[in-house]
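Beneath this line is the structure, given in structure tokens, with notes to follow.
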Amino acid sequence: MTDPDRSQRGVPERPSLDGLAEKWADRWQAEGTYAFDRSKSRSDVYAIDTPPPTVSGELHMGHVFSYTHTDTVARFQRMRGRTVFYPMGWDDNGLPTERRVQNVYGVTCDPSLPYDPEWQPPQAPVGEAARKRPVAISRRNFVELCARLTAEDEQVFEALWRRLGLSVDWSLTYTTIGPAARGTAQRAFLRNLARGEAYTAEAPALWDVGFGTAVAQAELEDRERPGAYHRLRFEVVAAGPGSAGTPPAAGPDREERYVHIETTRPELLPACVALVCHPDDERYADLVGGTVRTPLFGAEVTVYAHPLADPAKGTGLVMVCTFGDLADVTWWRELRLPTRVVIGRDGRLLPDPPAGLDPAPYAELAGRFVTAARRRIVELLTASGDLVGEPTPVTHPVKFYERGDSPLEIISTRQWYLRNGGRDAELRADLLARGRELNWVPAHMWHRYEHWVTGLTGDWLISRQRYFGVPFPVWYRLDDVGEPDYAQPLTPDEALLPVDPTSEVPAGYTESQRGQPGGFIADPDVMDTWATSSLTPQIVGGWERDPDLFARVFPMDLRPQGQEIIRTWLFSTLVRAHLEQGVLPWRDAVLSGWILDPDRRKMSKSKGNVLTPMGLLAEHGPDAVRYWAANGRPGTDLAFDPGQIRVGRRLATKLLNASKFALGLGAADALRAPVAEPLDRSMLAGLSTVVATATAAFDRYDHTDALQAAEAFFWTFCDDYIELVKERAYGTGAGAESARAALATALSVQLRLFAPFLPYVTEEVWSWWRYGSVHRSPWPTTYEVARVAADGDPALLALAGAALTQVRRAKSERKLSMRTEVPLAEALGPAAMLEQLALIAGDLRAAGRIGKLDFLPDRTPELVIACAV
């Protein structure tokens, strides 16, 4: 028998899960366990384009859920022999960060103010009163404050990720506001500009009044809001040319000299530029091409026919304003309508009316916010008799910026755009073809991508009227009267990137010429955060900065992300790689589901049902939390269940205790010894099947199947196999050596199977008896198991387990201890089955404490163990 002191030399007397996270996280970092080896060729690299979480608050259980999935893949691929390129990034620029800074410190940015190097923010987060009266600071002070707060947040985020056990290489960490990201984003933009893919245009854009910036189509969401339909009457001035003088017919939607429209936005009446009906709507055929006069303001507008008008909605006649919604933009563009802008960037109606309007009623609206202007114009329309009947309450979808609090307006502004197939059929077809090349997990997620691409209505608006972001590397010449030349922007040499045009000057100019006629001005805008995040493979891969690294990691292997950002992050990254490199940026895209609360509602900050993970990690341990997360498959929602976390902790605890027991039997010194006994070979044959199942599952990104296969076998291993062989393993001779060898192989293989899911407990147990890290050890193979014990029959262990279960049940029913001796037991069943059971009769007698075991073949159709107790 093996010397017990030698076999248990690394096994603690009372193993515990407590403290493992701190112990191993520090050691992994110190020993470079997860360091990327950049000497390897591309074929040996597995590169992951990790989503950089937004640093504008707290990480929540949804992050833990999806990032755990990615980490299991990284650990599996590393054990398969790949050097894993697994960076972590922080998405720290953009609107969410600015909003957080404003709320925490009670400040607002005023670009007209000079920089104050002595200014200091409050020492602690301010209260609601200070937020309502924010302190104005310069742009540079504001940007510095954003950088300061995000740096603090990133430390908190990193601490949580380290505790969770993410196997990232922290030396590769990047930020979307850092110099590398700014340089990459500006370089890509300049190349897009040179190829004609980026352009600037004065056009209607979706505008968030609260943030004071334009937003892109991909960032919209519909929210149900209460409103009311207001029926307004328009005076008919002239019938259409095809009416042959036929007077308009009276009816519920038109009077002898009037037609009616219904609108939820009567405050846009001064912006009305046309009425539109469907071409097949006979009610208004006589009006098409004619003119009507707007109530209150007296503007004459033309009536047009257009297929987008819905005859069944309202009166079938639609008021076109510049601009109330996206349909207005379409009609304005396709019908070449004039423009009457009434809403300013601050959400108030402009002080002066558009040309051709009666200024008196407009004066009642000027300077009011939209809601107040709506109330006042309803009063005016009621007084004039142009409001027909009472407003009809309605709940309808209203477009919001996904992070905004106010309904979006559509305002004509100058913005930067990037071609994305929204107006280019050939590019759209190319991007759809790229999407088909991608391996989607789950496969049906492709249809979400397809739906998004085919539904695009315009190019990607990439500029933001904000401050904490990547500036556009562009200046504009000023003519002799100080007007900018937008058609020929000034750009820097790529070697100078990154640049800040608001503090640096273009070649050939001096700072004294800034803002002067004949001089220059800087483009004041910054890039949309997605315009930087869409380049994460290029940023972290060292595009143009480190060609050697880029060649080893790009295109990458995996893009893991949430399904809700297919339209933003996935699509935009694909667009940038297609335009710049002409390839897919990665081979596989794995989409995660959502975390649901116990009532099966999606967890979100807006619902107030978000859980933060640090308390759960402290209470249950990271392995337990990871176990819960790993039970959710790609693309499948998972309800938060504290019970599942407790199951994970029990599993980790059992792994500690079962390993201690097996090593206490001398298993460590029996590793790779021959396995001869039938029951031992049966167990290893079953384990070989589990290895094959888990490997195939990971290869198709189904980590849940891999975990469930390993877990199901482990409990059988503990409850049946160990109980059946422990008496034999305590002994001496060939049978004991076979049991110890089987235990050693099974323990080694199972620790590696569980390593991607339970990294702390598996590393701890591995350290008791093996050298190096389990996470750098090779993934188990069926050949490895077969080399120790070939030709085993997995059914034999199942048969032995079934027999032992009946013995246990007999004792339990009689309320006897499991240690109670059974003087006589009879095994009944088919002869062939009993012949198999006879092969492991000794182990069954020992485990069941059976004195004599008789075999009575063909007495029953199924196995029956009758116990005399």
Side-chain angles (χ1 to χ4, degrees), residues 25-26 29 50-60 63-64 67 86-109 111 115-126 130-131 134-135 137-164 166 168-186 211 403 464 466-471 497-500 502-503 526-533 535-536 539-540 542 545 605 612-614 617:
D26 291 344
Q29 179 66 21
T50 318
T54 301
V55 187
S56 58
E58 291 184 306
L59 291 169
H60 52 76
H63 291 103
V64 168
Y67 281 77
Y86 187 17
M88 180 56 67
W90 309 122
D91 192 8
D92 45 13
N93 73 65
L95 299 175
T97 297
E98 290 194 16
R99 175 61 62 87
R100 177 160 158 74
V101 167
Q102 291 168 345
N103 289 336
V104 170
Y105 294 112
V107 297
T108 186
C109 180
Y115 174 64
D116 181 359
E118 303 300 322
W119 184 83
Q120 291 294 323
Q123 294 298 310
V126 301
R131 294 191 193 103
V135 175
I137 58 177
S138 73
R139 177 172 184 156
R140 183 174 169 188
N141 285 119
F142 185 75
V143 168
E144 287 179 354
L145 193 54
C146 289
R148 169 177 166 173
L149 186 60
T150 55
E152 296 172 359
D153 287 343
E154 285 158 12
Q155 293 177 4
V156 175
F157 279 33
E158 181 175 333
L160 189 148
W161 282 151
R162 286 181 181 274
R163 188 174 185 87
L164 184 64
L166 297 190
V168 304
D169 183 343
W170 290 101
S171 70
L172 301 173
T173 303
Y174 67 95
T175 67
T176 57
I177 199 63
R182 294 200 308 272
T184 299
Q186 290 182 340
F211 281 106
R403 297 181 183 274
R464 296 291 181 270
R466 299 301 299 177
Y467 315 107
F468 191 55
V470 177
L497 302 177
V499 300
D500 182 359
T502 63
S503 60
V526 297
M527 297 182 192
D528 166 26
T529 187
W530 292 113
T532 304
S533 297
L535 295 162
T536 50
I539 292 169
V540 74
R545 302 190 323 273
K605 292 180 181 179
T612 54
M614 190 57 87
L617 291 171

Is there side-chain contact between [X] and [Y], with at least one heavy-atom pair below 4.5 Å?
{"X": "V168", "Y": "W161", "answer": "no"}
{"X": "P87", "Y": "W170", "answer": "no"}
{"X": "P121", "Y": "V107", "answer": "no"}
{"X": "T97", "Y": "R466", "answer": "no"}
{"X": "Y67", "Y": "L166", "answer": "yes"}
{"X": "V470", "Y": "V526", "answer": "no"}
{"X": "L145", "Y": "W119", "answer": "yes"}
{"X": "Y105", "Y": "P125", "answer": "no"}

Using the ring of Y115 (Phe, Tyr or Trp, six-membered ring only), decide whether R140 places NZ or CZ under 6.0 Å from its centre and within 45 degrees of its axis.
yes
Ring-face cation contact, F211 with R99, 6.0 Å cut, 45° max:
yes
Output, in order, the C-alpha distance, side-chain angles, deciding distance and verdict of side chain to side chain contact (heavy atoms under 4.5 Å, CB included) for I539 and T532.
CA-CA 9 Å; I539 292 169; T532 304; 4.0 Å; yes
Main-chain N/O of V55 paired with E154 side-chain donor or acceptor, under 3.5 Å
no
Where the side chain of T176 meets the backbone of D92, is there a donor-acceptor pair that is under 3.5 Å apart?
yes
[atom1]/[X] to [atom2]/[Y] distance, rounded to the nearest 0.5 angstrom?
{"X": "M527", "Y": "S533", "atom1": "CE", "atom2": "OG", "value": "12.0 Å"}
{"X": "E98", "Y": "L149", "atom1": "CD", "atom2": "CG", "value": "12.0 Å"}
{"X": "W90", "Y": "T54", "atom1": "CH2", "atom2": "OG1", "value": "11.5 Å"}
{"X": "M88", "Y": "T175", "atom1": "CE", "atom2": "OG1", "value": "13.5 Å"}
{"X": "F468", "Y": "C109", "atom1": "CZ", "atom2": "SG", "value": "12.0 Å"}

Closest heavy-atom pair and its distance - [X], [Y]:
{"X": "N103", "Y": "R131", "answer": "O-NE, 2.7 Å"}
{"X": "P179", "Y": "P498", "answer": "O-CG, 3.8 Å"}
{"X": "R182", "Y": "I177", "answer": "NH1-O, 2.7 Å"}
{"X": "L535", "Y": "A185", "answer": "CD1-CA, 3.6 Å"}

Please lay out, stage by stage, how E158 and R162 fare under the test side chain to side chain contact (heavy atoms under 4.5 Å, CB included).
CA-CA 6 Å; E158 181 175 333; R162 286 181 181 274; 2.9 Å; yes
Do L617 and L160 pass the side chain to side chain contact (heavy atoms under 4.5 Å, CB included) test, and can you show the C-alpha distance, the side-chain angles, and the key distance before you say yes or no?
CA-CA 9 Å; L617 291 171; L160 189 148; 4.2 Å; yes
Does the pair R148/E144 count as a salt bridge with the N-to-O cut at 4.0 Å?
no
D153/R100 salt bridge by N-O under 4.0 Å criterion
yes
Between N93 and T529, a side-chain donor and acceptor under 3.5 Å:
yes
Before you tell me yes or no, could you show the steps for T536 and Y174 under side chain to side chain contact (heavy atoms under 4.5 Å, CB included), namely the whole-Å CA-CA distance, both residues' side-chain angles and the distance that decides it to 0.1 Å?
CA-CA 9 Å; T536 50; Y174 67 95; 3.3 Å; yes
